[in-house]
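As the structure is a computational prediction, the values presented were derived from the model and not from experiment. Quick note on labels: first sequence line is chain A, next is B, and so on, each numbered from 1.
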Number of protein chains: 2
Amino acid sequence: MDKPPRQTKHELFLNYKIWLSGLTGNGRISDTTFELLAKIKELGSIKLAAQACDISYRKAWGDIEEAEKMLEYQLIDKQRGGKDGGHSQLTPSCIKLLEAYDALHQKFDDSVEAAFEDFRKAMLQKPSSE
Amino acid sequence: MDKPPRQTKHELFLNYKIWLSGLTGNGRISDTTFELLAKIKELGSIKLAAQACDISYRKAWGDIEEAEKMLEYQLIDKQRGGKDGGHSQLTPSCIKLLEAYDALHQKFDDSVEAAFEDFRKAMLQKPSSE
DNA sequence: ATTCGATATGCATGGTTTTACACCTCGAAA
DNA sequence: TTTCGAGGTGTAAAACCATGCATATCGAAT
């Protein structure tokens, strides 16, 4: 779920995690929730997406509920019943959010890349002596 | 301990956390650990630093041990005994690491600022309609 | 030699997060 | 109108993590 980290001399990596929260802080949309949303978009089902993300359906559902409460708009059109049991797809707003988040994430990656490169150089300048 | 988040339209905030890890991933140096190190540098004591950081001494000590194992070099010169009980100070390597990390963090903060601004704009472009 | 307080460490406890499981709801298609 | 499988929900169990506490170790200063 976390980005693959980058290496320095001593097998050191930089990791990061980002998430969105509401004003009160008692709700969050994490990286994993966005991955879940992406999978729902791809697979058309919360259940399948949860499996693909290797989390329980219970957690997936809870995360979505939490996110929707926080944003105060629907992220997913949920269809229940039918021979196939039902299916789900992202709302237009959710797709927009997802795209904006992906772009944000990409910029984060680039920033980390650049910042960590400088860090690595600083660490190599005067190698540890003890 | 986490950075103060930034706002969007729907009272939405961006949060993030960065940390260093080893190759195997079973060790980490978090933001809080760096804050602890900074406090140790300032106060000359793990105990006082833990108090200042509002974490238990137990955790502080565990975090340091974990970090030193990961990096495979001493971060702290620990002095036990004496009338005062003992004291601690950062090794030169640790000070260097701390400085590099501070610079890294600063660059990261700046980048995040810019990235989130773009995110906010993207979200405002076509306001949600459902 | 005694003392004192910080370093050092194991383990029980408690709180939070996630999973596991049970069970109900829905509705298009057969 | 019966069926089927995903959506939806409560709750107990398990997994995790940090704290609290107890207790030992160390050694300069007295």
Side-chain angles (χ1 to χ4, degrees), chain A residues 1-2 15 17 19 21 24-37 39-70 74-91 94, chain B residues 1-2 15 17 19 21 25-33 35-37 39-70 74-91 94:
Chain A
M1 85 191 220
D2 300 325
N15 308 262
K17 182 179 286 195
W19 68 96
S21 69
T24 53
N26 51 4
R28 62 167 49 189
I29 312 179
S30 69
D31 232 29
T32 55
T33 303
F34 278 108
E35 281 165 29
L36 179 68
L37 290 173
K39 281 291 176 189
I40 291 172
K41 183 182 181 186
E42 179 189 338
L43 301 172
S45 155
I46 297 175
K47 177 174 191 156
L48 292 179
Q51 285 175 353
C53 289
D54 205 37
I55 59 174
S56 63
Y57 175 86
R58 191 66 187 80
K59 174 163 167 53
W61 197 90
D63 286 351
I64 292 167
E65 186 194 32
E66 188 181 7
E68 290 187 331
K69 262 187 190 153
M70 211 187 86
Q74 286 295 115
L75 289 174
I76 298 183
D77 281 326
K78 297 150 194 161
Q79 203 67 41
R80 308 216 302 190
K83 194 68 177 177
D84 63 334
H87 50 90
S88 294
Q89 62 178 340
L90 306 189
T91 62
C94 183
Chain B
M1 84 189 223
D2 299 327
N15 309 263
K17 183 179 287 195
W19 70 94
S21 71
N26 51 4
R28 61 169 52 190
I29 311 180
S30 69
D31 237 29
T32 55
T33 303
E35 280 165 28
L36 179 68
L37 291 174
K39 280 292 176 190
I40 291 172
K41 183 183 181 186
E42 179 189 337
L43 301 172
S45 154
I46 297 175
K47 179 176 189 153
L48 292 179
Q51 285 175 354
C53 289
D54 206 37
I55 60 174
S56 62
Y57 176 85
R58 191 67 188 79
K59 174 163 169 52
W61 195 90
D63 287 351
I64 292 166
E65 185 194 33
E66 187 181 8
E68 290 187 331
K69 262 188 189 152
M70 212 187 84
Q74 287 297 114
L75 289 173
I76 297 182
D77 281 327
K78 298 150 193 160
Q79 204 65 42
R80 306 213 306 188
K83 193 68 176 177
D84 64 333
H87 50 90
S88 294
Q89 62 178 339
L90 307 188
T91 62
C94 183

task: Look at the side chain of B/Tyr57 and decide which nucleotide, out of C/dA8, C/dT19, C/dC26, has an atom nearest to it.
output: C/dA8

- request: For the residue pair A/Leu36 and A/Ile40, establish whether any side-chain heavy-atom pair is separated by less than 4.5 Å.
  value: yes

task: Measure from CD on A/Gln51 to C1' on D/dG5 and round the result to the nearest Å.
output: 12 Å

- request: Under the side-chain hydrogen bond (donor to acceptor under 3.5 Å, both in side chains) rule, what do B/Thr91 and B/Asp77 come out as? Steps first, then yes or no, please.
  value: CA-CA 6 Å; B/Thr91 62; B/Asp77 281 327; over 6 Å; no

message: I need the CD-P distance between A/Glu66 and D/dT9, as an integer number of Å.
response: 15 Å

task: Apply side-chain contact (heavy atoms from CB on, under 4.5 Å) to B/Glu68 and B/Ile76, showing your working.
output: CA-CA 9 Å; B/Glu68 290 187 331; B/Ile76 297 182; 4.1 Å; yes

Per A/Lys83 side chain, nearest of listed nucleotides C/dA29, C/dT7, D/dG8: C/dA29

- request: Starting at atom CH2 of A/Trp61, determine the distance to atom P of D/dT11, rounded to an integer number of angstrom.
  value: 14 Å

- request: Would you kindly compare B/Leu48 and A/Asp54 by the position of their nearest DNA chain C nucleotide and give the one closer to the 5′ end?
  value: B/Leu48

- prompt: Are A/Lys78 and D/dG7 close enough that a side-chain N or O sits under 4.0 Å from OP1 or OP2?
  reply: no

- line: Separation of D/dA18 atom C1' from B/Arg28 atom CZ, nearest Å, is 14 Å

message: Determine whether a donor-acceptor pair (one donor, one acceptor, N or O, separation below 3.5 Å) exists between the side chain of A/Arg58 and the base of D/dG10.
response: yes

- request: Starting from C1' on D/dC4, measure out to CD on A/Gln79 and report it in whole angstrom.
  value: 16 Å

- prompt: To the nearest angstrom, how far is B/Gln74 atom CD from C/dA8 atom P?
  reply: 9 Å

message: Could you tell me how far apart B/Lys47 (NZ) and D/dG20 (C1') are, to the nearest whole angstrom?
response: 13 Å

- request: Using a heavy-atom cut-off of under 4.0 Å over every strand shown, decide if B/Gly86 touches base, sugar-phosphate, or nothing.
  value: sugar-phosphate

message: Nearest whole Å is fine: how far is D/dG8 P from A/Asp77 CG?
response: 11 Å

- request: Find which nucleotide of DNA chain D each of A/Glu65 and A/Gly81 is nearest to by heavy atoms, and output the residue with the more 5' nucleotide.
  value: A/Gly81

A/Ser88 side-chain N/O to D/dA6 phosphate OP1/OP2 under 4.0 Å: no

Heavy-atom side-chain contact between B/Lys78 and B/Ile64 under 4.5 Å: yes

query: Does the pair B/Glu66/B/Lys69 count as a salt bridge with the N-to-O cut at 4.0 Å?
result: no

